[in-house]
Amino acid sequence: MKIEPQISANKLVEYCFARSTRRTAIIEDIIKPKNFLLDTRYNEIERSMMYFIESHGKDDTRLTQLDKALLSRKPATSHDEQRLLTAHDAIELCRTMSLAKLPAAAKIVGIPDNQPRFSLGGVAVGIRPTNSFKLPQVGKKSSAFGLIKPYICKTLPLTTETSALHGTLLHWYAEESFVGAGEPRPGLCFVVDVFAQKIFTGPRNYSQRRKLLAASCLEIADRWQSIRARLIADEAGRRKQQKDK
């Protein structure tokens, strides 16, 4: 079981708008992940899409290679087969995704996957952008700077507000973790919703959204240990019942 409070950007944004029962379930699933949640291929797709974004949508070689590799795998279960087919759909959508919204003059580069987590309200938040974004500014020595993150989720397409929270997180992360890289601009922080085929930019008005994100993380940190203790007790109870049978 996970010891320290942590959460992904996707789950944090979901948490911000979830009902109380769903919020509890989100924390439980992070502390004690379900086995069937561990076989996602989306992380692999995001890293392959990094090269597609870097080329401004001109080079899909890495996506094609990943697609061939995934399709060559023999699924062990029907669930695994479905996950592979969904991954194939996601890759096809990545390859046909229009990146015209990204300024052509921008310098886009891929960034390593081992970026530090963003510490917020006692919680380590995994932002995981794939690319950084620089755009020259007239009359200024420093470039405008932003981050790009693919969002790959078939069941929860981004809305105006959830995309704004993702953009706010990216902008905040750019300020805190990429000091000296340029002048972070919310309008240059892009969230690419692959299944919806939409690109969202960070909002100009982000102060209240930052407060919402921080408050949600404080709540997660406050509840973490009590939920973890309950899960440990429940697991010990199940083991005792099995032993007594």
Side-chain angles (χ1 to χ4, degrees), residues 1-47 70 73 75-87 90 112-130 149-159 162 165-166 168-170 172-173 177 191 193-195 212-245:
M1 292 189 187
K2 300 284 181 24
I3 298 174
E4 299 298 328
Q6 56 189 269
I7 195 169
S8 68
N10 289 359
K11 288 301 178 184
L12 175 56
V13 171
E14 182 185 351
Y15 187 94
C16 288
F17 297 104
R19 295 183 178 181
S20 58
T21 52
R22 177 56 187 155
R23 288 187 170 196
T24 300
I26 288 172
I27 298 175
E28 289 176 344
D29 289 343
I30 297 169
I31 295 173
K32 185 182 178 183
K34 294 182 175 64
N35 289 334
F36 69 84
L37 293 177
L38 300 179
D39 64 354
T40 177
R41 314 295 185 197
Y42 288 169
N43 289 350
E44 296 175 79
I45 298 173
E46 287 179 4
R47 299 317 298 175
L70 291 178
R73 296 181 188 179
T77 64
S78 59
H79 173 71
D80 192 33
E81 181 180 19
Q82 184 57 51
R83 296 294 280 181
L84 288 171
L85 290 174
T86 302
D113 195 29
N114 59 348
Q115 293 295 317
R117 287 175 178 258
F118 182 34
S119 181
L120 186 59
V123 177
V125 183
I127 310 295
R128 302 183 70 249
T130 56
K149 174 183 172 65
Y151 175 83
I152 307 177
C153 183
K154 193 172 185 177
T155 56
L156 288 174
L158 293 177
T159 65
T162 57
L165 280 189
H166 274 286
T168 297
L169 265 177
L170 278 179
W172 206 352
Y173 188 59
S177 298
V191 185
D193 189 336
V194 171
F195 277 99
L212 173 59
L213 290 163
S216 296
C217 282
L218 283 172
E219 182 177 293
I220 292 168
D222 288 343
R223 301 185 63 198
W224 185 272
Q225 293 305 331
S226 61
I227 291 176
R228 186 173 184 274
R230 173 172 55 78
L231 290 175
I232 291 173
D234 290 347
E235 181 65 24
R238 282 192 292 270
R239 288 179 179 177
K240 187 177 184 303
Q241 286 182 347
Q242 291 174 353
K243 186 178 180 181
D244 293 341
K245 286 182 179 180

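FYI, the numbering just counts along the sequence from 1.
- Evaluation of the side-chain hydrogen bond (donor to acceptor under 3.5 Å, both in side chains) rule for Thr159 yields Thr162 as partners, not counting sequence neighbours.
- Checked against salt bridge (charged side-chain N to carboxylate O under 4.0 Å, His left out), Arg128 has the following partners two or more places apart in sequence or in another chain: Glu46, Asp113.
- For Pro129, the side chain to side chain contact (heavy atoms under 4.5 Å, CB included) criterion is met by Ile111, Ile127, Leu147, Leu170, Tyr173, not counting sequence neighbours.
- Across Pro150 and Thr130, no two heavy atoms sit closer than the pair CD-OG1, 3.3 Å.
- In this structure, Thr155 and Phe195 have side chains that are not in contact, with every pair of non-hydrogen atoms separated by 4.5 Å or more.
- Residues passing the salt bridge (charged side-chain N to carboxylate O under 4.0 Å, His left out) test with Asp222, sequence neighbours excluded: none.
- For Ser8, the side-chain hydrogen bond (donor to acceptor under 3.5 Å, both in side chains) criterion is met by no residue, not counting sequence neighbours.
- Interatomic distance, Leu218 CG to Arg223 CZ, rounded to the nearest 0.5 Å: 13.5 Å.
- Arg228 CZ to Ile27 CD1: the interatomic distance, rounded to the nearest 0.5 Å, is 13.5 Å.
- Every residue was checked against the side-chain hydrogen bond (donor to acceptor under 3.5 Å, both in side chains) condition with Ser177, not counting sequence neighbours, and none meets it.
- Cys217 approaches Val125 most closely through the heavy-atom pair SG-CG2, 3.9 Å.
- The closest side-chain heavy-atom distance from Val123 to Arg117 is not below 4.5 Å.
- Residues forming a side-chain hydrogen bond (donor to acceptor under 3.5 Å, both in side chains) with Gln6 (at least two apart in sequence, or on another chain): none.
- Of the inter-residue distances, the one linking Met1 atom CE with Ile227 atom CD1 reads 12.0 Å to the nearest 0.5 angstrom.
- One distance of note links CG of Leu169 with CG of Leu213; it measures 4.5 Å at 0.5 Å rounding.
- Two residues are said to be in side-chain contact when any heavy atoms from C-beta on lie closer than 4.5 Å; Leu156 and Tyr151 meet this criterion.
- Scored by the side chain to side chain contact (heavy atoms under 4.5 Å, CB included) test, Ala214 finds Leu120, Trp172 as partners (sequence neighbours excluded).
- Atoms CD and OG1, from Glu81 and Thr86 in turn, are 10.5 Å apart once rounded to the nearest 0.5 Å.
- To the nearest 0.5 Å, the span separating CD1 on Ile7 from CG on Asp29 amounts to 10.5 Å.
- Side-chain atoms of Pro33 and Lys2, non-hydrogen and from C-beta on, do get closer than 4.5 Å to each other.
- Arg47 and Pro112 make their closest contact through NH2-C, 3.6 Å (heavy atoms, listed as atom of the first residue, atom of the second, distance).
- Nearest heavy atoms, Leu70 versus Ala87: CD1-CB, 3.9 Å.
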Show me the donor-acceptor pairs, under 3.5 Å and distance only, between side chains in residues 229-237 and residues at least two apart or in other chains.
unit_1: Arg230; atom_1: NH1; unit_2: Glu28; atom_2: OE2; d: 3.1
unit_1: Arg230; atom_1: NH2; unit_2: Glu28; atom_2: OE2; d: 2.7
unit_1: Glu235; atom_1: OE1; unit_2: Lys32; atom_2: NZ; d: 2.8
unit_1: Glu235; atom_1: OE1; unit_2: Arg238; atom_2: NH2; d: 2.9
unit_1: Glu235; atom_1: OE2; unit_2: Arg239; atom_2: NE; d: 3.2

Show the atom names and distances, to 0.1 Å, of all donor-acceptor pairs under 3.5 Å that link a side chain in residues 10-18 to residues at least two apart or in another chain.
unit_1: Lys11; atom_1: NZ; unit_2: Glu14; atom_2: OE1; d: 3.2
unit_1: Glu14; atom_1: OE2; unit_2: Arg22; atom_2: NE; d: 2.7
unit_1: Glu14; atom_1: OE2; unit_2: Arg22; atom_2: NH2; d: 3.0
unit_1: Tyr15; atom_1: OH; unit_2: Glu219; atom_2: OE2; d: 2.5

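- Scanning for side chain to side chain contact (heavy atoms under 4.5 Å, CB included) contacts around Thr77 gives His79, Asp80, with sequence neighbours left out.
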